[in-house]
Amino acid sequence: MSESSALATDRRRWLTLVVVGLAQLMVVLDATVVNIALPSAQADLGFSDGQRQWIVTAYSLAFGSLLLLGGRLSDLMGRKRTFVIGLIGFAVASALGGAAPSFELLVAARALQGVFGALLAPTALAVLTTTFTIPKERARAFGVFGAIAGAGGAVGLLLGGVLTEAFDWRWNLYINVAIAAVALVGAFVFVPSIARTGPRPKLDIPGTLLVSAGLFALVYGFSHAETDGWGAPLTWGMLAGSVVFLAAFAFWQTRAGHPLLPLHIVRDRNRGAAYLSVMIAGAGMFGIFLFVTYYLQLTLGYSPIQTGLAFLPMIAMLVLAAQLGTNIFVPRFGPKILVPIGMTIAASGMVLLTFLDATSSYAAHVMPPLMMIGFAMGTIMPASMQTATLGVDREFAGVASAMVNTSQQVGGSVGTALLNTLAATAATDYLLEHGRDAVGDAMIASYAAAYWWGGGFFALGAVVSALLFRRRNQGLSLSREIEAEDATEPALSH
């Protein structure tokens with residue numbers, strides 16, 4: 001290959017990262033960008049407080065339950081084709097939601113966004129996994145991708161505030177059309193289309209139905225617990241059903257001729273540790289966005305734009321840590337060192353947040369723990385995501401990538417439901433003890449309870465990741481494993 005051809009190929013790879021990053025940003029920020037627009041949408045369309053949660057739940061149910069199917073479809077249909085379909089579908093669903101004249105159509109559009117998001121998110125990560133195989137380039141690319149995955153929620157809060165205040169709540173959905181259009185052009189130009197080699201495997205229909213039903217019941221159960229409580233029969237019925245469906249799915253995967261998720265992918269010790277780390281970090285992270293947003297707006301009186309801007313130092317630290325970690329520290333020390341350190345820093349930041357009260361200042365009391373948590377997430381996410389997809393046969397890169405998104409989605413659903421319930425209980429107990437006039441202090445006490453439990457999630461993550469990730473002398477130097485993967489690289493299967 002000539003020097004000019006090599007440079008063109010190298011440039012094409014990095015432009016592919018830009019395209020994939022745009023798609024990932026669109027999917028991740030959509031989980032939070034709509035939240036700030038909900039009050040305006042409610043006033044415009046006239047739906048009740050009880051109906052409001054379905055704007056969020058419709059998306060998470062479709063997205064969470066179909067991720068593994070989306071990842072496997074990208075393996076079977078080809079990355080580029082699936083990526084393009086996902087972008088177009090997500091853009092169309094976003095446009096429908098933005099133009100929705102009624103609550104029912106808005107919920108349907110959000111569910112449709114979740115369907116195409118489940119196709120797009122794992123495909124984006126699979127494209128990254130199969131595009132970057134050189135150790136240093138792979139580390140750099142996953143640093144960028146992991147930073148986007150971690151910071152997307154905070155970017156959504158900022159963007160949602162700006163769009164809602166400056167324009168209209170509908171622009172929180174229309175913005176996806178613009179992002180998707182740019183990514184679509186980039187996909188056609190820069191994402192390679194590689195011909196399939198070998199026989200085409202079949203889709204595991206029974207496995208797909210079982211795991212989709214199991215994930216749907218799991219996400220719905222936790223969402224229902226958030227609104228109706230843990231004692232509701234539907235909550236326990238859905239959670240029990242999810243256990244049955246997922247157990248049946250796991251059993252079927254040992255019998256299926258073409259399994260949807262070959263169990264050796266999740267049985268690998270490093271990948272299992274990476275999936276658990278992403279899940280635990282997702283659970284704690286959603287608590288940050290939710291309760292710090294409440295605190296800034298309801299206690300300190302911040303506007304939506306001010307609230308979004310308040311998260312910028314956190315995003316800056318996340319990006320810094322992601323680049324330092326993936327380029328310098330992870331190849332040298334491995335995730336067994338880096339991920340527990342990140343979890344410990346995050347737990348410490350959560351503890352600092354418990355000291356906030358009505359007189360706290362942003363610069364002295366809010367920004368430092370947010371920066372700590374941002375640095376922690378930038379340490380945890382890229383290392384975990386890179387490990388989760390390392391060494392997977394290319395024909396299963398999509399479904400292995402989908403497990404990363406599934407872990408983050410399930411962690412977010414579980415964390416939001418648990419922390420909301422615990423916070424509500426803390427507020428009720430405080431009011432019973434101090435009287436009904438202490439509403440403001442009760443809110444602060446509820447936030448503190450959520451921070452303590454979120455810190456507990458991260459502390460658990462520190463222990464789990466320290467115990468499960470292999471030591472470097474047990475085979476975990478990411479740079480060495482990537483080099484070994486390059487030396488025995490299987491044929492591309494798209």
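Going from atom CG of L260 over to atom CG of L69 covers 7.0 Å, rounded to the nearest 0.5 Å. One distance of note links CZ of F458 with CD1 of I280; it measures 9.5 Å at 0.5 Å rounding. Rounding to the nearest 0.5 angstrom, the gap separating the CG atom in L112 from the OG atom in S94 is 9.0 Å. Annotation: the span from L173 atom CG to Q113 atom CD amounts to 5.5 Å, rounded to 0.5 Å. If you take CG on L296 and OH on Y302, they are separated by 6.0 Å, rounding to the nearest 0.5 Å. If you take CE on M317 and CG on L370, they are separated by 11.5 Å, rounding to the nearest 0.5 Å.
Listed here is the closest heavy atom pair of P101 and L105: CD-CD2, 3.4 Å. A62 approaches A118 most closely through the heavy-atom pair O-CB, 4.3 Å. Across all their heavy atoms, A141 and L128 have their closest contact at CB-CD1, 4.0 Å. Of all the heavy atoms in M238 and G221, the pair that sits closest is CB-CA, 3.8 Å. Across all their heavy atoms, A187 and L87 have their closest contact at CB-CD1, 4.3 Å. The nearest pair of heavy atoms linking A256 to P259 is O-CD, 3.6 Å.
The backbone N or O of L261 sits nowhere less than 3.5 Å from a side-chain atom of R72 that would complete a donor-acceptor pair. Although no hydrogens or angles enter the test, the distance criterion places a donor-acceptor pair under 3.5 Å between the side chain of Q306 and the main chain of S303. Looking at D75, its side chain does come within 3.5 Å of a backbone N or O of V399 through a donor-acceptor pair. The main-chain N or O of I55 is found under 3.5 Å from a side-chain atom of R110 such that the two form a donor-acceptor pair. With hydrogens and angles ignored, the 3.5 Å screen pairs a side-chain donor or acceptor of Y174 with a backbone N or O of G98. With T254 contributing its side chain and F251 its backbone, the two residues share a donor-acceptor pair below 3.5 Å. Checked by atom type and distance alone, the side chain of R271 pairs as donor or acceptor with a backbone atom of L390 at under 3.5 Å. Without hydrogens or angle criteria, S74 side chain to G71 main chain gives a donor-acceptor distance under 3.5 Å.
Between Y220 and W54, the two ring planes are tilted [angle within 30° to 60°]. Below 30°, between 30° and 60°, or above 60°: for F333 and F329 the angle between ring planes is below 30°, a parallel geometry.
Two residues are said to be in side-chain contact when any heavy atoms from C-beta on lie closer than 4.5 Å; Y275 and T406 fail this criterion. Within the 4.5 Å cutoff, the side chain of F375 has no heavy atoms near those of the L318 side chain. Using a 4.5 Å heavy-atom threshold, the side chains of I265 and M403 count as separate. Taking the side chain as every heavy atom from C-beta outward, R79 and V191 never approach each other to under 4.5 Å. Here the side chains of Q253 and V211 are not in contact, with every heavy-atom distance at 4.5 Å or above. Annotation: side chain of S407 is not in contact with side chain of L276 (no heavy-atom distance under 4.5 Å). No side-chain heavy atom of K80 sits under 4.5 Å from any side-chain heavy atom of T123. Side-chain contact between V339 and T379: absent, with no pair of heavy atoms (C-beta onward) separated by less than 4.5 Å.
When ring centroids are compared, F103 and F47 come within the 6.0 Å threshold. Ring-centre distance between F249 and W252: not below the 6.0 Å cut-off.
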- Chi angles and distances behind the side-chain contact (heavy atoms from CB on, under 4.5 Å) call for R470, D268: CA-CA 10 Å; R470 294 192 193 103; D268 178 87; 3.3 Å; yes
- Taking it one step at a time, do N176 and F90 satisfy side-chain contact (heavy atoms from CB on, under 4.5 Å)? CA-CA 8 Å; N176 291 325; F90 201 91; 3.7 Å; yes
- Check step by step if side-chain contact (heavy atoms from CB on, under 4.5 Å) holds for L67 and L215. CA-CA 9 Å; L67 274 166; L215 290 172; 5.6 Å; no
- Evaluate side-chain contact (heavy atoms from CB on, under 4.5 Å) for H258 paired with L203, printing each intermediate quantity in order. CA-CA 7 Å; H258 299 278; L203 181 63; over 6 Å; no
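Within 6.0 Å of atom CH2 in W169, more than 12 heavy atoms from other residues, nucleotides or ligands are found, so the atom counts as buried in its surroundings.
Classification of R255 and D204 as a salt-bridged pair fails, no side-chain N sitting under 4.0 Å from a carboxylate O.
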